[in-house]
Amino acid sequence: MIRINIAEAKAHLSEYLNRVENGESVTLCRRNVPIAEIRPLPHPQREERPVGIDRGMAVPASFFDPLPDKLLDAFEGGK
């Protein structure tokens, strides 16, 4: 883990962010007292997630059909 004061972070932020991207953590200090930590986020899921909450859920083709005009009018403030 890297410990740096705020002035050092300001001067070389992009360098430290590159190191964070490579898996290191950086502790930011004010007058050598730790106040915050910058750490890498978990990698996002690589595969596309299926539609819906349940991974085994099947969405019928009719789900993507246009809505009826009466329902669209209701969303737009019509009667």
Side-chain angles (χ1 to χ4, degrees):
M1 182 182 313
I2 304 165
R3 279 180 71 139
I4 56 173
N5 281 306
I6 295 172
E8 175 71 13
K10 284 182 181 180
H12 303 283
L13 182 60
S14 57
E15 174 189 327
Y16 289 112
L17 290 179
N18 286 335
R19 293 176 75 168
V20 168
E21 283 182 322
N22 290 324
E24 294 186 64
S25 294
V26 176
T27 300
L28 291 174
C29 302
R30 180 178 290 131
R31 297 184 188 113
N32 297 320
V33 177
I35 59 169
E37 181 179 72
I38 303 173
R39 55 188 162 85
L41 293 173
H43 294 289
Q45 186 175 358
R46 298 281 182 212
E47 61 188 54
E48 188 173 320
R49 193 171 149 225
V51 176
I53 296 172
D54 183 9
R55 294 189 189 271
M57 179 180 165
V59 178
S62 63
F63 179 82
F64 298 100
D65 291 346
L67 294 173
D69 289 337
K70 185 175 180 180
L71 187 55
L72 288 174
D73 288 342
F75 276 109
E76 295 171 355
K79 293 181 180 181

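Remember, it's a predicted structure, so these values are computed and weren't measured experimentally.
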A side-chain contact here means heavy atoms from C-beta on lying under 4.5 Å apart; do [X] and [Y] qualify?
| X | Y | answer |
| --- | --- | --- |
| N18 | E21 | yes |
| E37 | M1 | yes |
| T27 | I4 | no |

Distance (rounded to the nearest 0.5 Å) between [X] [atom1] and [Y] [atom2]:
| X | Y | atom1 | atom2 | value |
| --- | --- | --- | --- | --- |
| L28 | L13 | CG | CG | 8.5 Å |
| N32 | R30 | CG | CZ | 12.5 Å |
| C29 | I35 | SG | CD1 | 7.5 Å |
| N5 | R31 | CG | CZ | 9.5 Å |

Quiz item: Is a side-chain donor-acceptor pair under 3.5 Å present for Y16 with E24?
Solution: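 No pair is found: no donor N or O on one side chain lies under 3.5 Å from an acceptor on the other.
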Practice problem: Kindly check if the number of other-residue, nucleotide or ligand heavy atoms within 6.0 Å of CG (D69) is above 12? | Solution: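 Incorrect, the count does not exceed 12.
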